[in-house]
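As the structure is a computational prediction, the values presented were derived from the model and not from experiment. As a basis for the values below, the full set of heavy atoms in this structure was taken, side chains included, without hydrogen atoms, waters or symmetry mates. In what follows, chains carry the letters A, B, and so on, assigned in the order in which the sequence lines appear, proteins first and then strands, with residues in each chain numbered from 1.
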There are 2 protein chains.
Amino acid sequence: MNRPLAISRQDHILNALDAAGAVSVSLLAERLGVSRETIRRDLKALADQGRANLVHGGAARGTTAEPSLAARQAANARGKAAIGRKAASFVEDGTVVLLDSGSTTLALAYALVERKDITVLTNSLPIALLLCRSSGVKVTMLGGEIDPNDEAAFGIDTLAALEHFRVDLAFIGVGGISAEGELTDYSRLASEQRHRMMKAGKKVFLLVDHSKFERRTPVKMAIGSQIAALIVDKPPPKRIAQAFAARRWPVIQAKA
Amino acid sequence: MNRPLAISRQDHILNALDAAGAVSVSLLAERLGVSRETIRRDLKALADQGRANLVHGGAARGTTAEPSLAARQAANARGKAAIGRKAASFVEDGTVVLLDSGSTTLALAYALVERKDITVLTNSLPIALLLCRSSGVKVTMLGGEIDPNDEAAFGIDTLAALEHFRVDLAFIGVGGISAEGELTDYSRLASEQRHRMMKAGKKVFLLVDHSKFERRTPVKMAIGSQIAALIVDKPPPKRIAQAFAARRWPVIQAKA
DNA sequence: TGCCGGTGTGGCATTTTGTGGCAATTTCTG
DNA sequence: CAGAAATTGCCACAAAATGCCACACCGGCA
C-alpha cells in the first residue's frame, strides 16, 4: 500500500536517536515496516551526513551524555540494566504496566522501548519522555508536584490520578532495605504513594539492585499487598534473604 | 464538484504538509481521487513557489520535513527565545504560572530557569523536566495521556487536573493563525484543552512566533476569555494585525 | 470549428526497496 | 576458553515504486 516516505523514516530515526541515544536496525525495521537492509541504508545515509554514528546492530549518537540521568544510572548501571531486562520479560503484550520513579525502573523502561502493544503508566518524567520518544508504547503520565530529586510526580494529585486506572503489573522501586530486611523509603509521602501503587497493581514486582541492601532510609514502607517477586541483580545478604523467605517473597536474580 | 478544483487541491496538500510535515504522492492521489501525475504537477507548482520541497515519493516542508518537537525547536529558535524572554518579564515573584506545551513555551521555560519564587504548572514533559532539573521553580505536572508529537499530556485527566489550580498567568501557544486572523490548532482535543487553560488563567498571554502566521491547521480555536496580550517576534501581516485589533488584543513585539 | 488549459494514460528510465547468499561479528553454552 | 548458534553486515541482483515525457482526451470558449 503506502509506504512511509523515506524522508519521514529518517526523521523518525533521528528522533529515536535523540531520545534513546542509540537505535537498533532490527527494531526500526519492525517499527517502520520496512526491511532491515533499508534501515541500514538509511543509517548509512545519516552517517554520511554526520547525523548518526554507525555501530554494530544499529547507530548511536556521538557523545551524548544525558544529564543527570546517566550520572545516576552510572551507579551500578549494569546491575540495573539486568534487572530491567529481567523485569521486562514479565510484561506481556496488551497489558497495562505501572512504573514507579527511580533509576532502576528507568532501566526497565529502556528494556521496554522495543515493545509496542503495552500501556505504561508512570509518575516519572524521564520514563515518560523516553517511552514517548522512542517506542510504540502508549504512555500516560501521572501528574502532581514534581520532586526535583526523583524527577517524578508525587502528592495528592498523583494519588488521585492513580485511582482511575486498572493496572496489570506494577514495578516498584525501594529506597533501601534495612539489615533486618525491612523496606524503607525517603519520605512518608513517597512511601505512601508506593503503597498505593502496589495496591493498584494486580501483580507487584519490587526492583532492588544490590546497592540498596543494608542502606538505611528513614521511613518504613508499608507493604499492603502480595508481592509477585523481588527482582535483584545479586543475592541479598543472609539476614535479608531470610526475612524475604519469611514473608514468602520469591526472589528472582537477573543475570548480567 | 466531482473533481476538486486545482486550487483547492493544492490547498489540501499544503494543509497536509503542515499537519504531517511530509506528504506522499500516492496517498494524495488516492485521497483526492486524481492521478499521481496530477499530484506530481501540483507539487511541482508548489515547489516552484517555494511552498514545498520535493523529495522522492512526495514533498516535505522546509529543509527538513518534520513536526516533532526537537525540530520545531530549531525552527526560528532566535525568535522563540526572544518571545520567551519577553514573556518571562511579565512573571512576577510569587505567582502561579501555567505553561502550555510547545516549542515556544519551552523557550519561555528556558527564560524562567533562574527564577525561584514561582510555581509552574505544565502539561509538557520537556518543560517539567527542564525546570525541575535546573531551577528553584516549584513544578507541577498535569498528567494525562502523552501525545508523542507534543511530548505533553492531553485528555480528560489533564483537563480534570487543571480544575484544581488557581493560575495567575497562563501562557498559551497556537498551532497556526489563518490569513483571516483566526487562531487554529491541530486537533479538537488540543484546542479544547488550550481553551480550558485560558479559562483557568487570570491573565492570558498568547505566544506566537512568526512562523505561525498564515499557517493552516485544521481546527478553529475557541477563545473563551480575555487575552492580556499576544507576544510575537515579528509584526504580523496587515490582515492578521487588523483582525487582532478588531478583537482588542494588544500585540507586544519581543526584540531579538 | 479550432484553440487552450488541465487531466489521464502508457511506456521507459531512474530510484528505491526487498531478497537471498555468504562472511564477519556477537552471544550463548558447556 | 573453544565451538556452536544467532545476529548482523555486506553485496549483487530482482522487484517494486516513482519520475518523466509524449500524446490523447475532455470541456469551455471565441
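Within the structure, side-chain hydrogen bond (donor to acceptor under 3.5 Å, both in side chains) pairs that include any residue of residues 170-183 of chain A comprise A:S178-A:E180 (at least two apart or interchain).
The CG atom of B:D42 sits 13 Å away from the P atom of D:dG19 (whole-angstrom rounding). Rounded to whole Å, the distance from CG on B:L28 to C1' on D:dG19 is 16 Å. The CG-C1' distance, from B:L43 to D:dT18, rounds to 12 Å in whole Å. Distance A:E37 CD to C:dC22 C1': 13 Å, rounded to the nearest Å. For the pair B:L54 CG and D:dT18 C1', the computed distance is 13 Å after rounding to whole Å. In this entry the distance linking CD1 of A:I39 with C1' of D:dG9 reads 15 Å, nearest Å. We find that CD1 of A:I7 is positioned 12 Å from P of C:dT16, with the value rounded to whole Å.
When each of C:dG18, C:dT7, C:dT9 is scored by its nearest atom to the side-chain atoms of A:T38, the top-ranked nucleotide is C:dG18. Closest contact between the side chain of A:S35 and the listed nucleotides C:dG18, C:dT7, C:dT9 involves C:dG18.
With hydrogens and angles disregarded, a donor-acceptor distance shorter than 3.5 Å links the side chain of A:N123 to the backbone of A:A153.
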Review item, nucleotides 4-8 of chain D N/O atoms under 3.5 Å of protein N/O:
from, atom 1, to, atom 2, distance (Å)
D:dT8, OP1, A:S26, OG, 3.4
D:dT8, OP2, A:S26, OG, 2.9
D:dT8, O3', A:G57, N, 3.1

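Open room surrounds CZ on B:R31; 12 or fewer heavy atoms of other groups in view lie less than 6.0 Å from it. Other residues, nucleotides and ligands contribute at most 12 non-hydrogen atoms within 6.0 Å of the CD atom of B:E145.
Of the residues near DNA chain C, B:R41 and A:R41, the one whose nearest nucleotide (by heavy atom distance) lies more toward the 5' end is B:R41.
The side-chain hydrogen bond (donor to acceptor under 3.5 Å, both in side chains) check on A:D42 picks up A:R9, A:Q10, with sequence neighbours excluded.
Counting only heavy atoms from C-beta outward, the side chains of A:T105 and A:I127 approach each other to under 4.5 Å.
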